[in-house]
Asker: 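My questions all concern the structure below.
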Amino acid sequence: MATCKTETSAAVDIRDRMNIVIVGSVDHGKSTLLGRLYADTGTLPEGKIEKIQAICKQQGKEFEYAFLFDAFLEEQQQGVTIDTARTFFQWAGRQYIIIDAPGHKEFLKNMVSGAARAEAALLLIDALEGVRDQSKRHGLLLSMLGVKQVTVVVNKMDLVDYRQDTFALIEKEYRAFLSQLDVTPQFVIPASAKRGDNIATPSPHMAWHTGPTVLESLAQFSSESEKGEQPLRFPLQDVYKFDARRILTGRITSGRLKVGDQVIFSPSNKSAVVQTLEAFNVEPPPTQALAGQSVGITLDEQIFVERGEVLSHESSLPLVSTTFRANLFWLGRRPLEMDKLYLVRLATHEVECRVAAIHRIVDADNLSLDQQQTNAVVKRNEVADVTIQAKAPLAFDLYSDLETTGRFVLVDEYDVSGGGIITEMVADREETLRVEARQRDFAWVQGDVTLADRAKHYGHRAALVLLIGPDTTGKTFLAKKVESMLVAEGRHVYMLDPENLRRGLDADLQDEDARETIRRYGEVARLLIDTGVLLISTTNSFNPSTGLRAGLPADQVVEAIRTLVHPAPVLTVYMSQETTLSPIEADLSFTGPEDFTRTTHDVLAALKQKGILAETIGNQPVFQFSI
Amino acid sequence: MRHIRQLEDQSVYILREAYKHFDNLGMLWSMGKDSTVLLWLARKAFFGHVPFPLLHVDTSYKIPAMIEYRDRLAREWRLNLVVGQNKKALAEEMNHERGRVECCTALKTNGLKLLLEEKGYTGIILGVRADEESTRAKERYFSPRDKNNDWDFRDQPPELWDQFKTSFPPGTHIRIHPLLDWTEINIWEYIKLENIPFMDLYLDRGDGTRYRSLGCAPCTFPIKSTASTVDEIIEELRATNVAERAGRAQDEGRGMEVLRKDGYM
Ligand SMILES: Nc1nc2c(ncn2[C@@H]2O[C@H](COP(=O)(O)OP(=O)(O)OP(=O)(O)O)[C@@H](O)[C@H]2O)c(=O)[nH]1
Ligand SMILES: [Mg+2]
């Protein structure tokens, strides 16, 4: 056993680094292979082998290389890896973190956690047992997690007398499986981890193998990424104001960003020019940054933008929708259910969502078979084709175009419980209006006064308060009271009754043109909001009962207006006589209010709580910045 | 040095996620090389500022020069330093002769526990590295601890890509580990690259010994070494087969496993 340093090992300058994961079904020899790799390259710390020898002796076992990394007592007693271990390996100028993943299906969430950190994988198959369920499931998950470089190791060749025909059968079967996932293994290597065949040295028992050893194959994984040449995506992580600078931070997930670039924020459609790249202890300051880098930037103007937005160039914008189709793997303790609320986290954006459809459960054993079953739930460790619908629009990409902004996780209560890759954008009902709003916003010509200047001047953000609910519930009365009270405080407020557009701007429209009526109202509201005004409106005109004969249901009206005034905040207030359920999830609800002074105060309080209204005039309203 | 910058980018991202999601956040600082690199990374992440307190769990057995160094940097870098101590255990004369695991549990694990209780931190950032010992190799970047501070390694939550566990039930807290992927050599490479001030106890100052890791005076010992510059340290580490914590008494047998399940750093 080698415990002294060999010549090629450590004392070389490091060119690059790489994370590799070892996966495969339980007991197929992953931890053993890893232990052997370290032992045979002399890269273990002094005394480590002796320590393991003592433990094995004490437990009355043969020497187990696996114990080098299966560190917990429970793992050693049961001879099974429970959670992934990061191990550090340096070879031929590259620093590796080799992640030993568990193979037992009980611990799939841990395997996934390990594999999600990796750029390449070694997938082990036991020559005696052959391809198992988990061998395939791991292969499928690797492709979903973005691990495209895979080398397959057929292990325990000593148990099949090092026979080439046994090896060839397994190779054929597994290659066929991987090809359905569009994965071509870099190598398929016959090995025996326990005996050290083809691990660090070529095996004398398998002269028929002409490919590399496992050690040699590591160098063949490429750490070069083409991400720098892809379209720019920079998900906004936070906004800091520790000193005079207002710094927008985040990690560039693809492409490159340069000082002087005109950038667009999605989904808010705002734009600005990058003024500086900020960095601590870097002289001179950088002028450009690349995919992978955590950076800070300042802009040429103060625009309100929040965590979750994605910066890009106008020439290659991300998709924007509330709805997308995805392949999802579920690791939660409870099954994934339709109609339950989850959080979707996509890059830095976090929004409530539901599963709108579960199209099929993907059978890892038989990928190509398209079973047309409908499923109510996705159980733990299953992979499914689903449609996700978020409560607010998200900026994203298809996974096939851009990896990092094309994937997401779902959070159930406190835990990240599943992950997925986006296969298709689904156009929701607002798609047409959203496209219109985006194009209108990109072309918007602005004076020198910014929204932030106006907000400071008026003591509030520009916003829209929408009063909804059945007729004669006092909506207009309340709107007038709110308007008066705020104007008395010196704020810039305006009550816009949609009726006022009917005979003028809408004179050419028929009652049937409900969508167009609403669109025009939304554009007028958008215009007024750009003046910095706090707008209050009722929606009676859009109701079938009181206004348009062919009006739209309240939820659709609100969504259409919200899309057109986006990203201005919208406060919805529902008013009714009896306890009828609101057709939308309103921010405030009142039942038959008698004391309108109190109701007015409630609306004002909600505006403050939402950060729309500053406490006093001349103060900056509270925005969602870190400080 | 591209590999060091990659590690830096990842750690900075983690620190910013921590700052975004935890209202009551603190960072442990033992003045050792790792937690000082961590502190430097915080200054990187927040552009010269450190927007949360630095917590020092003082066992009272630290080498005096470490306290001087601590107070000097705290002044120069305008740090908000919070020192915690298990006064009761010290009053009862806890020391390593009562048993090393017992002493560590009382002064470090419980010292930290007391500080957490007193200040109500919901997130604490630690400079542990996965290559230090084998239970740390199994940590998550964001690792939940229950009401008793215990680490349930058998049931760690999934951690996918750059999406971390940032919500948790009341009464529990999250340990944040931005340095998991760094090796001891990477730490020194970074100290050199950024010219970070470090304690000269890490260097041979003429007697042919130096400290490789700094803990409490009674339980850490200098190693034989003539490395008197960072370059020489890096060279020495590249050529050695001896583990960093080989000089630490708590690491014998299953000492660390027992300690860490209980909430030790
Ligand atoms: N004969 C033979 N036995 C092997 C070989 N590789 C591993 N083993 C044995 O197979 C058993 C399981 O090995 P491990 O390395 O723990 O398997 P694993 O894939 O890490 O298992 P999990 O992590 O629990 O999924 C151990 O008893 C090993 O000694 C091999 O090449 N030949
Ligand atoms: Mg294992």
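A note on names: the letters A, B, ... follow the listed sequences, proteins ahead of strands, and every chain is numbered from 1.
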Asker: Counting heavy-atom pairs under 4.5 Å to chain B, which of A/G146, A/G250, A/P45 comes out on top?
Answerer: A/P45
Asker: What option among A/N19, A/L108, A/L68, A/V295 has the most heavy-atom pairs under 4.5 Å with chain B?
Answerer: A/V295
Asker: Run the side chain to side chain contact (heavy atoms under 4.5 Å, CB included) check on B/T240 and A/E46 step by step: do they pass?
Answerer: CA-CA 9 Å; B/T240 186; A/E46 204 172 82; over 6 Å; no
Asker: Restricting to side chain to side chain donor-acceptor pair (under 3.5 Å), what partner residues turn up for B/H21, sequence neighbours left out?
Answerer: none
Asker: So for B/E189, is it side chain, backbone, both, or neither that comes closer than 4.5 Å to the heavy atoms of chain A?
Answerer: side chain
Asker: How long is the straight-line distance from OG1 of A/T249 back to CG of B/L15, given to the nearest 0.5 Å?
Answerer: 11.5 Å
Asker: Do NZ/NE/NH1/NH2 and the carboxylate oxygens of A/R307 and B/E17 come within less than 4.0 Å?
Answerer: yes
Asker: Please report the interatomic distance CG(B/D181) to CD(A/Q95), rounded to the nearest 0.5 Å.
Answerer: 9.0 Å
Asker: With a 4.5 angstrom heavy-atom cut-off, which part of B/I234 approaches chain A: side chain, backbone, both or neither?
Answerer: neither
Asker: Has B/E194 got more than 12 heavy atoms of other residues, nucleotides or ligands less than 6.0 Å from its CD?
Answerer: yes
Asker: Report which part of A/A115 has an atom under 4.5 Å of a heavy atom belonging to chain B: side chain, backbone, both, or neither.
Answerer: neither
Asker: Does any backbone or side-chain atom of B/R154 lie under 4.5 Å from a heavy atom of chain A? Answer side chain, backbone, both or neither.
Answerer: both
Asker: State, without any angle test, whether B/R140 and A/N110 hold a side-chain donor-acceptor pair at a distance under 3.5 Å.
Answerer: yes
Asker: Between A/L290 and chain B, with a heavy-atom cut-off of 4.5 Å, which part of the residue counts as in contact: side chain, backbone, both or neither?
Answerer: neither
Asker: Examine whether an atom of B/P144 lies under 4.5 Å from a heavy atom of chain A, and if so say whether it belongs to the side chain, the backbone or both; otherwise answer neither.
Answerer: neither
Asker: Assess the residue pair B/W161 and A/E403 against the criterion (side chain to side chain contact (heavy atoms under 4.5 Å, CB included)); give the C-alpha distance rounded to whole Å, side-chain angles, the decisive distance to 0.1 Å, and a yes or no.
Answerer: CA-CA 11 Å; B/W161 307 303; A/E403 249 174 51; over 6 Å; no
Asker: Side chain, backbone, both or neither: which part of A/A54 has a non-hydrogen atom closer than 4.5 Å to chain B?
Answerer: neither
Asker: Looking only at heavy atoms, which of residues 38-46 of chain B get nearer than 4.5 Å to chain A?
Answerer: B/W40, B/R43, B/K44, B/A45, B/F46
Asker: To the nearest 0.5 Å, what is the distance between CZ (B/R129) and CZ (A/R86)?
Answerer: 13.0 Å
Asker: Would you tell me whether A/D83 and B/Q156 have side-chain atoms, one donor and one acceptor, within less than 3.5 Å of each other?
Answerer: yes
Asker: I want to check something: taking the side chain as every heavy atom from C-beta on, are B/H3 and A/D16 in contact at a cut-off of under 4.5 Å?
Answerer: no
Asker: Is it the backbone or the side chain of A/I55 that comes under 4.5 Å from a heavy atom of chain B, or both, or neither?
Answerer: side chain
Asker: What option among B/P157, B/A137, B/A130 has the most heavy-atom pairs under 4.5 Å with chain A?
Answerer: B/A137
Asker: What residue, out of B/F153, B/F164, B/F168, has the most heavy-atom pairs lying under 4.5 Å from chain A?
Answerer: B/F153
Asker: In the structure I gave you, are the side-chain heavy atoms of A/D238 and B/K20 within less than 4.5 Å of one another anywhere?
Answerer: yes
Asker: Given A/S294, which partner from the list B/E8, B/R16, B/R5 fulfils the side-chain contact (heavy atoms from CB on, under 4.5 Å) test?
Answerer: B/R16
Asker: Begin with the C-alpha distance, continue with both residues' side-chain angles, and end with the deciding distance and a verdict on side-chain hydrogen bond (donor to acceptor under 3.5 Å, both in side chains) for A/Q293 and B/D9.
Answerer: CA-CA 6 Å; A/Q293 284 182 256; B/D9 285 319; 5.2 Å; no
Asker: Return the option, out of B/T183, B/N195, B/L180, B/I185, with the maximum number of heavy-atom pairs under 4.5 Å with chain A.
Answerer: B/L180
Asker: Taking only Lys NZ, Arg NE, NH1 and NH2, and the carboxylate oxygens of Asp or Glu, determine whether B/D155 and A/R333 approach each other closer than 4.0 Å.
Answerer: yes
Asker: List the residues meeting ring pair (Phe, Tyr, Trp, His ring centres under 6.0 Å) with B/W151, not counting sequence neighbours, and say none if there are none.
Answerer: A/F72
Asker: For the interface with chain B, which of A/L331, A/T348, A/L145, A/I82 has the highest count of heavy-atom pairs at distances below 4.5 Å?
Answerer: A/L145
Asker: Any donor-acceptor pair under 3.5 Å linking the side-chain atoms of B/Q10 with those of A/R251?
Answerer: yes
Asker: Taking atom CZ of B/F47 and atom CZ of A/R245, what is their separation to the nearest 0.5 Å?
Answerer: 7.0 Å
Asker: So do B/D162 and A/T404 actually touch side chain to side chain, heavy atoms under 4.5 Å?
Answerer: no
Asker: I'd like to know which of A/S223, A/G114, A/A347 tops the heavy-atom pair count under 4.5 Å against chain B.
Answerer: A/A347
Asker: A/T81 vs B/K138, test: side chain to side chain contact (heavy atoms under 4.5 Å, CB included). Steps then yes/no.
Answerer: CA-CA 11 Å; A/T81 306; B/K138 291 179 175 276; 4.1 Å; yes
Asker: State the CG-OG1 distance between B/D131 and A/T87, to the nearest 0.5 angstrom.
Answerer: 10.5 Å
Asker: Based on non-hydrogen pairs under 4.5 Å, which of A/R94, A/R17, A/R15, A/E75 is most in contact with chain B?
Answerer: A/R17
Asker: Check whether any side-chain heavy atom of A/F69 sits under 4.5 Å from a side-chain heavy atom of B/S134, and report yes or no.
Answerer: no
Asker: Please output the residues of residues 408-417 of chain A in contact with chain B, using a heavy-atom cutoff of under 4.5 Å, in numerical order.
Answerer: A/F408, A/V409, A/E413, A/Y414, A/D415, A/V416
Asker: Regarding A/R345 and B/T166, do their side chains bring together a donor and an acceptor under 3.5 Å, going by distance alone?
Answerer: yes
Asker: Taking every non-hydrogen pair under 4.5 Å, which of B/S167, B/P51, B/G48 racks up the most with chain A?
Answerer: B/S167
